[in-house]
Amino acid sequence: MLKRKITTTGALFSSSLLLVSAAHATTPQYKDQQALHDIASAVSKTRIEQDIQTLVDFGTRHTLSETKSDTRGIGAARRWIKSEFEAISKACGNCLEIIEVKDTISGEKRIPNPVDVVNIVAIQRGQVDANRMVIMSGDIDSRVSDVMDYISDAPGANDNASGVAGVLESARVLSKYKFNGSIVYAALSGEEQGLFGGKILAKYAQEHDWRVHGVLNNDMIGNSTGINGVTDNTTARIFSEGTRVIETKDQAHKRRFTGGEVDSASRNLARYIDTIADRYIENLDTMLVYRLDRFGRGGHHRPFNDVGFAAVRIMETNENYNQQHQDLRTENGITYGDTIDHVDFAYAAKLTSLNAVTMASMAWAPAPPTGVSISGAVKPSTTLAWHKSDDPTVVSYKIYWRYTSEPQWQFSRDVGKVTEATLKNVVIDNYYFGVAAVNKDGIESPVVFPGDVGAFEWSDKSTK
């Protein structure tokens with residue numbers, strides 16, 4: 001992403017412990033992290049291809065399909081996914097906790113009769129803060145033209161065997177490491193029938209007091225040639241909601257006067273992923289799409305947004321609608337259907353690497369700051385404050401700021417291990433601001449925008 005270079009004069013930074021010159025502000029600088037580069041290069045397109053082929057070979061994975069067969073239907077698919085997680089866990093000394101998170105759904109438009117919607121979930125517990133979570137998800141289920149047709153073959157190679165394969169491959173790679181926070185690998189069911197798997201897991205996370213700081217929903221990450229005739233394996237989209245749907249009237253009123261419409265936790269999670277792509281993923285540029293999902297459509301990150309968690313959708317840039325939700329057929333010389341011959345495995349591996357590195361970075365980094373507040377109205381300087389953290393991995397904090405029209409953070413200052421800092425002669429009216437926590441290796445948390453709108457822990461009610 002191109003960024004303007006701005007030089008400011010006369011700007012000074014101060015904190016309770018530090019006074020340094022900021023006469024020449026630049027874009028943020030990061031230390032290289034060899035482990036993150038190693039994770040990016042460890043993802044295997046061959047293993048992803050094998051996993052996609054296995055999922056396609058189940059014939060259909062429709063939510064209402066066969067559950068008793070060992071070779072066909074969603075039951076066979078989810079048992080195979082569970083066995084893969086078990087094999088991964090065995091290889092890392094039983095480092096994964098593998099669970100089924102499920103519920104029986106009925107009386108719905110697309111699930112009229114009782115059906116068990118079963119998510120297969122593997123949890124890699126953090127060594128320091130086990131209840132702090134970052135989640136990667138993909139959808140098990142597939143469909144054809146008629147959303148209620150659970151008999152016909154629905155290979156679902158790209159939609160969404162590619163996402164599940166990415167989840168499994170990320171688990172293989174990241175299970176070789178130990179992290180401070182926890183990583184959750186989730187194969188969700190019931191997406192095509194109404195996002196039920198996501199709803200079930202989001203409820204489970206709330207009931208078990210998971211502090212979910214990011215959900216990376218991967219839905220179609222394997223197609224590089226669009227129906228528009230464009231072939232592009234160097235870009236990906238990140239969809240993120242603006243203000244939270246559960247924002248209260250009072251919070252909306254405050255936001256009207258302080259800003260934050262483009263700085264929800266989900267938006268700053270998307271910016272974090274964009275930075276990861278720039279730093280660690282070769283030949284990949286991410287497009288930040290300021291919308292919950294594609295126009296008028298939905299995905300499995302939405303149920304997590306609905307309860308206040310930061311959640312985004314990662315997917316290909318160019319879709320081919322002839323290969324989505326289609327019966328297998330040929331009409332007027334056009335071949336329809338989501339078959340494996342259309343999947344670009346190297347591209348799927350690239351987007352999987354993006355997920356794996358993002359989760360590793362977030363799980364190694366300290367938790368995002370809480371209680372972030374800001375002041376400076378009718379003053380020449382801007383002051384940010386935040387709660388003291390009990391996280392032992394925090395060594396400093398970094399303040400970020402940018403012009404309000406810019407998509408990415410432009411300027412930053414490391415302020416040390418303090419809970420309040422002032423940017424002298426940086427006028428609050430002209431910028432947006434945020435704070436990130438930093439560990440000893442220079443790995444940072446996502447940036448937190450001040451107030452409720454930007455809080456990653458919604459229950460914290462940042463300014464309360």
Side-chain angles (χ1 to χ4, degrees), residues 48-82 84 102 105 108-111 115-120 137-169 186-201 217-223 293-294 297-301 313-316 319-329 335-345 348 351-352:
I48 287 174
E49 178 180 1
Q50 292 168 346
D51 288 344
I52 293 174
Q53 185 64 67
T54 298
L55 289 164
V56 166
D57 288 343
F58 289 115
T60 180
R61 305 184 306 279
H62 193 284
T63 300
L64 311 183
S65 65
E66 171 68 52
T67 61
K68 302 298 183 184
S69 171
D70 291 331
T71 58
R72 184 176 179 85
I74 194 167
R78 66 194 184 210
R79 286 190 293 274
W80 174 77
I81 293 167
K82 187 175 183 180
E84 286 298 299
K102 59 187 177 181
I105 307 297
E108 300 287 344
K109 182 178 180 181
R110 294 185 176 185
I111 307 182
V115 170
D116 288 337
V117 176
V118 182
N119 301 317
I120 308 300
S137 68
D139 308 319
I140 304 173
D141 56 310
S142 62
R143 60 165 287 190
V144 289
S145 301
D146 179 358
V147 72
M148 299 303 291
D149 179 358
Y150 60 89
I151 301 297
S152 299
D153 280 351
N158 187 44
D159 185 15
N160 187 28
S162 65
V164 174
V167 170
L168 290 170
E169 180 63 6
L188 304 178
S189 296
E191 192 266 348
E192 302 289 4
Q193 306 308 113
L195 310 178
F196 289 104
K199 294 174 184 177
I200 293 166
L201 185 57
N217 173 46
N218 287 256
D219 194 344
M220 295 186 292
I221 61 170
N223 184 70
D293 207 315
R294 297 155 302 163
R297 303 176 72 180
H300 239 153
H301 57 302
R313 177 179 184 148
I314 298 173
M315 71 176 300
E316 62 209 24
E319 299 177 63
N320 192 321
Y321 309 119
N322 293 339
Q323 296 158 20
Q324 292 178 20
H325 302 176
Q326 294 286 350
D327 291 338
L328 301 177
R329 69 194 192 279
T335 300
Y336 294 86
D338 189 0
T339 53
I340 196 168
D341 53 301
H342 298 299
V343 178
D344 182 336
F345 306 112
L351 270 60
T352 298

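Scored by the side chain to side chain contact (heavy atoms under 4.5 Å, CB included) test, S189 finds I74, V117, N119, I140 as partners (sequence neighbours excluded). For the side-chain hydrogen bond (donor to acceptor under 3.5 Å, both in side chains) test, residues two or more places apart in sequence or in another chain that qualify with E169 are R47, R172. In this structure T67 satisfies the side-chain hydrogen bond (donor to acceptor under 3.5 Å, both in side chains) test with no other residue, sequence neighbours excluded. Shown here are the salt bridge (Lys or Arg N to Asp or Glu O under 4.0 Å) partners of D293, two or more places apart in sequence or in another chain: R313. Here N322 pairs with nothing under the side-chain hydrogen bond (donor to acceptor under 3.5 Å, both in side chains) rule; sequence neighbours left out. With sequence neighbours excluded, the residues forming a side chain to side chain contact (heavy atoms under 4.5 Å, CB included) with D338 are A157, N158, D159, listed by chain and number. Residues that satisfy the side chain to side chain contact (heavy atoms under 4.5 Å, CB included) test with T335, not counting sequence neighbours, are T330. Partners of D327 according to the side chain to side chain contact (heavy atoms under 4.5 Å, CB included) rule, which considers only residues two or more places apart in sequence or in another chain, are V144, S145, R329. Not counting sequence neighbours, the partners of D70 by the salt bridge (Lys or Arg N to Asp or Glu O under 4.0 Å) test are R79. Looking at residues two or more places apart in sequence or on another chain, you find no salt bridge (Lys or Arg N to Asp or Glu O under 4.0 Å) involving E316. Residues forming a side-chain hydrogen bond (donor to acceptor under 3.5 Å, both in side chains) with E319 (at least two apart in sequence, or on another chain): R237, R294, Q324. In this view, K199 satisfies the salt bridge (Lys or Arg N to Asp or Glu O under 4.0 Å) rule with no residue, not counting sequence neighbours.
Between atom CG of residue N320 and atom OH of residue Y336 there is a gap of 9.5 Å, rounded to the nearest 0.5 Å. Between D51 atom CG and L168 atom CG the span is 5.0 Å, to the nearest 0.5 Å. To the nearest 0.5 angstrom, F58 atom CZ is 11.5 Å from S142 atom OG. For the atom pair CZ of R72 and CD1 of I151, the computed distance is 7.5 Å after rounding to the nearest 0.5 Å. If you take CG on L351 and OG on S162, they are separated by 9.0 Å, rounding to the nearest 0.5 Å. From I48, atom CD1 reaches atom CD of Q53 across 14.5 Å, with rounding to the nearest 0.5 Å.
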>> One pair to check against side-chain contact (heavy atoms from CB on, under 4.5 Å): R110 and M148. What are the steps and the verdict?
In response: CA-CA 7 Å; R110 294 185 176 185; M148 299 303 291; 4.1 Å; yes
>> side-chain contact (heavy atoms from CB on, under 4.5 Å), that's the test. Do D344 and N223 meet it? Break it down for me.
In response: CA-CA 6 Å; D344 182 336; N223 184 70; over 6 Å; no
> Can you list the steps and then say if Q193 with H62 is a side-chain contact (heavy atoms from CB on, under 4.5 Å)?
Replying inline: CA-CA 9 Å; Q193 306 308 113; H62 193 284; 3.5 Å; yes
> Could you go step by step and tell me if I314 and N217 meet the side-chain contact (heavy atoms from CB on, under 4.5 Å) rule?
Replying inline: CA-CA 6 Å; I314 298 173; N217 173 46; over 6 Å; no
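Under the 4.5 Å side-chain criterion, counting only non-hydrogen atoms from C-beta, F196 is in contact with E108. When side chains are defined from C-beta on, T352 counts as touching I221, because their heavy atoms get closer than 4.5 Å. By the 4.5 Å heavy-atom criterion applied to side chains, M315 and D219 are not counted as neighbours. A 4.5 Å side-chain heavy-atom check between V167 and N218 finds every atom pair outside the cut-off. Two residues are said to be in side-chain contact when any heavy atoms from C-beta on lie closer than 4.5 Å; P155 and L328 meet this criterion.
Heavy atoms from other residues, nucleotides or ligands lying under 6.0 Å from CZ of F345 number more than 12.
Under a 3.5 Å cut-off, the side chain of N160 and the backbone N or O of M220 do form a donor-acceptor pair. A donor-acceptor pair is defined here as one N or O able to donate and one able to accept, closer than 3.5 Å; no such pair exists between the side chain of R78 and the backbone of I120.
Side chains of T54 and D57: no donor on one and acceptor on the other come within 3.5 Å. Using modelled atom types, one finds a donor on one side chain and an acceptor on the other under 3.5 Å when comparing E192 with H325. H300 and E191 form no side-chain donor-acceptor contact under 3.5 Å, judged by distance and modelled atom types alone.
Closest approach of G73 and S65 over heavy atoms only: CA-OG, 3.6 Å. Across every non-hydrogen atom of S152 and T60, the tightest pair is O-CB, 3.6 Å. Y321 and Q326 make their closest contact through O-NE2, 3.3 Å (heavy atoms, listed as atom of the first residue, atom of the second, distance).
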